[in-house]
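Have a look at the structure below, then the notes.
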Number of protein chains: 2
Amino acid sequence: MKAKNKPVKFRSDCPISSALDLFGDTWSLLLVRDMVYFGARTFKDFSEAAEGISSARLSDRLTKLESLGIITKKKHRSNKKVYLYQLTTKGYDLFPVIADLVLWSHKYLNHHISDAAKQFANMLEDDREGTINMFLNK
Amino acid sequence: MKAKNKPVKFRSDCPISSALDLFGDTWSLLLVRDMVYFGARTFKDFSEAAEGISSARLSDRLTKLESLGIITKKKHRSNKKVYLYQLTTKGYDLFPVIADLVLWSHKYLNHHISDAAKQFANMLEDDREGTINMFLNK
DNA sequence: AAAAATAACTTTCAAAATGAAAGCAAAAAA
DNA sequence: TTTTTTGCTTTCATTTTGAAAGTTATTTTT
């Protein structure tokens, strides 16, 4: 059965609530992270992330992000059973939000996060703009 | 009946997923917005926000944010039936995340957002640091 | 060429989260 | 003293979620 593409319902004309109406959940930004930070490109890549998203949920989140224009989906050029997901500019532009989450967690959940993440946070603290741009290969 | 305070379950040691484990939903950051941006301090203030949160949901979100140390709850000094909610530093430190959501929405949902929000977004575009600090009265 | 494995899903279903509405007690206002 | 108001809690139907199993079209392996 095809994914039921419910139109997004905006609760108000506030940019914050509207953004949350689009990707204010526990998975959407993680998929963006997987792509920017870990280079995830296939369904399987996302499935293997540490948080263990279920395939049902992954499927509908990818569909939603695609319908929002945050990612694109293309066929692999040589392997017919693989699809490739890619971030659009609209998707890459969510990275600053993610960077701020990293900074906040580095400050308030320090004991809990990985060393690699701490390193990234330190870079962000040192030079937010530069680090974000470097990560986005600009 | 007292609110059931389930301990937060972290899905991984990633700072992004951990932050989302704490406030990755459609309401938490809106309550922070209400406090920083609209000066909300009482249950009623939050209830009257444009998005129309139900009292049941408002109640458990406030309880959760308090248990996370993002807000505090105190009795009003002269009116015994009013409680005052305030952001802690930990809460104010979420404002950069919110600011980035505003910037993203300004770029991609421009047609949909309010003029006041557009003005704020323009200020942020012009001087992110300065605008954030100004807003936080630093 | 046949069998096994794999990628990308979909289906099913129980459990948890949510929203809408009504109810309630204490305090304040009329 | 009666009415409102504030800050919730309760109830309950609907929606969302997570876990697990199933499906189909390719690869891969044997």
Side-chain angles (χ1 to χ4, degrees), chain A residues 1-12 17 20-31 34 40-67 71-86, chain B residues 1-12 17 20-31 34 40-67 71-86:
Chain A
M1 200 186 284
K2 278 291 176 77
K4 39 186 165 175
N5 238 334
K6 285 188 193 172
V8 178
K9 204 197 169 192
F10 292 111
R11 292 170 290 175
S12 75
S17 84
L20 294 171
D21 288 334
L22 301 185
F23 49 79
D25 63 72
T26 50
W27 291 115
S28 298
L29 288 178
L30 279 193
L31 301 183
D34 289 341
R41 307 199 63 190
T42 66
F43 194 96
K44 188 168 176 270
D45 290 341
F46 294 111
S47 292
E48 290 171 341
E51 293 79 13
I53 190 172
S54 73
S55 57
R57 224 43 51 211
L58 176 53
S59 181
D60 65 39
R61 283 304 186 289
L62 288 172
T63 300
K64 188 172 184 181
L65 291 176
E66 193 194 355
S67 78
I71 63 175
T72 57
K73 179 184 186 176
K74 293 177 185 171
K75 292 184 176 179
H76 186 104
R77 57 170 64 235
S78 61
N79 188 325
K80 287 185 183 175
K81 70 175 170 180
V82 173
Y83 289 88
L84 296 177
Y85 295 94
Q86 288 184 63
Chain B
M1 200 185 281
K2 277 291 175 80
K4 39 188 165 177
N5 238 333
K6 285 189 191 170
V8 177
K9 203 194 171 193
F10 291 110
R11 291 170 291 174
S12 75
S17 83
L20 294 171
D21 288 334
L22 302 185
F23 48 80
D25 63 73
T26 50
W27 291 115
S28 298
L29 288 178
L30 280 192
L31 301 184
D34 289 340
R41 306 198 64 188
T42 67
F43 194 95
K44 187 169 177 267
D45 291 341
F46 294 111
S47 292
E48 290 172 341
E51 293 78 14
I53 189 171
S54 74
S55 57
R57 225 42 52 206
L58 176 54
S59 182
D60 65 38
R61 283 303 185 291
L62 288 172
T63 300
K64 188 173 185 180
L65 291 176
E66 194 194 353
S67 78
I71 62 174
T72 57
K73 179 183 185 177
K74 293 177 184 171
K75 292 184 177 180
H76 186 104
R77 57 170 63 237
S78 61
N79 187 326
K80 288 186 181 175
K81 71 176 169 179
V82 173
Y83 289 88
L84 297 176
Y85 296 94
Q86 287 184 66

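Please read all numbers here as calculations on a predicted model, not as lab measurements.
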Would you say [X] reaches [N]'s phosphate, i.e. side-chain N/O to OP1/OP2 under 4.0 Å?
{"X": "B:Tyr85", "N": "D:dC8", "value": "yes"}
{"X": "B:Lys6", "N": "C:dA17", "value": "yes"}
{"X": "A:Thr42", "N": "C:dA7", "value": "no"}

Taking [atom1] from [X] and [atom2] from [N], how many angstroms apart are they, rounded to a whole number?
{"X": "B:Leu62", "N": "D:dT6", "atom1": "CG", "atom2": "P", "answer": "16 Å"}
{"X": "B:Glu48", "N": "D:dC8", "atom1": "CD", "atom2": "P", "answer": "15 Å"}
{"X": "B:Leu84", "N": "D:dT6", "atom1": "CG", "atom2": "P", "answer": "13 Å"}
{"X": "A:Phe43", "N": "C:dC9", "atom1": "CZ", "atom2": "P", "answer": "6 Å"}
{"X": "B:Lys44", "N": "C:dA28", "atom1": "NZ", "atom2": "P", "answer": "16 Å"}
{"X": "B:Leu58", "N": "C:dA17", "atom1": "CG", "atom2": "C1'", "answer": "16 Å"}
{"X": "B:Lys64", "N": "D:dC8", "atom1": "NZ", "atom2": "P", "answer": "18 Å"}
{"X": "A:Asp45", "N": "C:dA8", "atom1": "CG", "atom2": "P", "answer": "8 Å"}

* Do you know which two heavy atoms are closest between A:Leu58 and A:Ser47, and how far apart they sit? -> CD2-OG, 3.4 Å
* Asked: Taking all atoms of both residues into account, what is the closest heavy-atom pair of A:Gly24 and B:Thr26, and its distance?
  -> O-CG2, 3.4 Å
What nitrogen or oxygen pairs link the protein and nucleotides 27-30 of chain D at under 3.5 Å?
residue, atom, partner, partner atom, Å
D:dT27, OP1, A:Asn79, OD1, 2.7
D:dT27, OP1, A:Lys80, N, 2.9

* With sequence neighbours excluded, tell me which residues meet salt bridge (Lys or Arg N to Asp or Glu O under 4.0 Å) with B:Asp34. => none
Students often get this wrong, so: under 4.0 angstrom with heavy atoms, is [X] touching a base, only sugar-phosphate, or nothing?
{"X": "B:Lys75", "value": "nothing"}
{"X": "A:Tyr83", "value": "sugar-phosphate"}
{"X": "B:Phe46", "value": "nothing"}
{"X": "A:Ser47", "value": "nothing"}

* Which value, rounded to the nearest 0.5 Å, describes the distance between B:Trp27 atom CH2 and B:Ile53 atom CD1? -> 5.0 Å
* **Pairs involving residues 41-55 of chain B, ordered by first then second residue, that meet salt bridge (charged side-chain N to carboxylate O under 4.0 Å, His left out) (sequence neighbours left out)** => B:Arg33-B:Glu51, B:Lys44-B:Glu48
Would you list the atom pairs, donor with acceptor, under 3.5 Å between side chains in residues 76-85 of chain A and any protein atom, with sequence neighbours excluded?
residue, atom, partner, partner atom, Å
A:His76, NE2, A:Ser78, OG, 3.1
A:Asn79, OD1, A:Lys81, N, 3.0

Check nucleotides 18-21 of chain C for protein N or O atoms closer than 3.5 Å to its own N or O atoms and list the pairs.
residue, atom, partner, partner atom, Å
C:dT18, OP1, B:Arg61, NH2, 2.9
C:dT18, OP2, B:Arg61, NH2, 3.3
C:dG19, OP2, B:Trp27, NE1, 3.0
C:dG19, N7, B:Arg57, NH2, 3.0

Could you tell me which residues satisfy side chain to side chain contact (heavy atoms under 4.5 Å, CB included) with [X], sequence neighbours excluded, listed by chain and number?
{"X": "A:Ser59", "result": "A:Phe43"}
{"X": "B:Ser67", "result": "B:Asn5"}
{"X": "B:Asp21", "result": "B:Val8, B:Phe10, B:Arg11, B:Ser17"}

* Partners passing ring pair (Phe, Tyr, Trp, His ring centres under 6.0 Å) against A:Phe23 (at least two apart in sequence or in another chain) -> B:Trp104
